[in-house]
Amino acid sequence: QVQLVESGGGLVQAGGSLRLSCAASGRIFSINTMGWYRQAPGKQRELVAAITSGGSTNYADSVKGRFTISRDNAKKSGYLQMNSLKPEDTAVYYCNAGVVVSNTPYAFATTWGQGTQVTVSS
């Protein structure tokens, strides 16, 4: 019922920038926390950044000062601006959202996007 679609991934040289977008659609009453995760080959999925509905953010230490997470509640969308990219940022990036599907009765769903590949060449 709820879908998240990521876009904006691609191939970039080290030091470059990319902006990822995540658009939510379907039956949505509101969206709580939105987050970006990434998974590199042979590694576990890790949290990159998250933002609450009120705009509070947190970041993995490895991306602090380089990545910025934001959201547009009216558009039901989230964004990840990635600057000063490094080869170690190469991974599939996934959008995650805690979605309130219905307020009455209360129904909540944690939803994942399909992922978008980010490749940073040295």
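Contact check for Gln1 versus Ser102: no side-chain heavy atoms found under the 4.5 Å cut-off. Residues Met82 and Val63 are not in side-chain contact: their nearest non-hydrogen atoms beyond the backbone lie 4.5 Å or more apart. Taking the side chain as every heavy atom from C-beta outward, Arg71 and Ser53 approach each other to under 4.5 Å. With a 4.5 Å cut-off on side-chain heavy atoms, Glu6 and Trp36 count as touching. Between Thr68 and Tyr79 the shortest side-chain heavy-atom distance does not fall below 4.5 Å. Considering only heavy atoms from C-beta on, Lys76 comes within 4.5 Å of Ile31 through its side chain. The shortest side-chain heavy-atom distance between Asn58 and Leu47 falls under the 4.5 Å cut-off. Side-chain contact between Leu85 and Phe67 is present, with at least one heavy-atom pair separated by less than 4.5 Å.
In plain terms, the two heavy atoms of Ala14 and Ser122 that are nearest each other are CB-CA, 4.4 Å. In this structure, Ala50 and Thr33 approach most closely via the heavy-atom pair CB-CG2, 4.1 Å. Contact record, Ala24 with Leu4: CB-CD2, 3.5 Å, taken as the closest heavy-atom pair. Nearest heavy-atom pair, Asp89 versus Ser84, reported as atom, atom and distance to 0.1 Å: OD2-O, 4.4 Å.
Taking SG from Cys22 and CG from Leu80, the interatomic distance works out to 10.5 Å, rounded to the nearest 0.5 Å. Rounding to the nearest 0.5 angstrom, the gap separating the CE atom in Met34 from the OG1 atom in Thr57 is 14.0 Å. Of the inter-residue distances, the one linking Gln3 atom CD with Ile28 atom CD1 reads 10.0 Å to the nearest 0.5 angstrom. Note that CD of Glu46 and CD of Gln39 are 9.5 Å apart. Values are rounded to the nearest 0.5 Å. Residue Thr52 holds its OG1 atom at 9.0 Å from CG of Asn32, rounded to the nearest 0.5 Å. Rounded to the nearest 0.5 Å, atoms CZ (Phe29) and CG (Asn103) are 4.0 Å apart.
When atom types are taken as modelled, the side chain of Gln81 and the backbone of Arg19 share no donor-acceptor pair closer than 3.5 angstrom. When atom types are taken as modelled, the side chain of Tyr59 and the backbone of Ile69 share a donor-acceptor pair closer than 3.5 angstrom. The backbone N or O of Val120 lies less than 3.5 Å from a partner atom in the side chain of Thr90, making a donor-acceptor pair.
Residues Val118 and Val48 fall within the same hydrophobic cluster, defined by Ile, Leu, Val, Met, Phe, Trp and Tyr side chains chained together at heavy-atom separations under 4.5 Å. In the hydrophobic clustering of this structure, Trp112 does not group with Tyr93; members are Ile, Leu, Val, Met, Phe, Trp, Tyr whose side-chain heavy atoms approach within less than 4.5 Å, directly or through other members. With hydrophobic clusters built from ILVMFWY side chains whose heavy atoms lie under 4.5 angstrom apart, Val2 shares a cluster with Ile51.
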Legend entry - Worked verdict on Ser21 versus Lys75 for side-chain contact (heavy atoms from CB on, under 4.5 Å): CA-CA 11 Å; Ser21 298; Lys75 294 183 178 179; over 6 Å; no
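With salt bridges taken as basic N to acidic carboxylate O contacts below 4.0 Å, one links Asp61 and Lys64.
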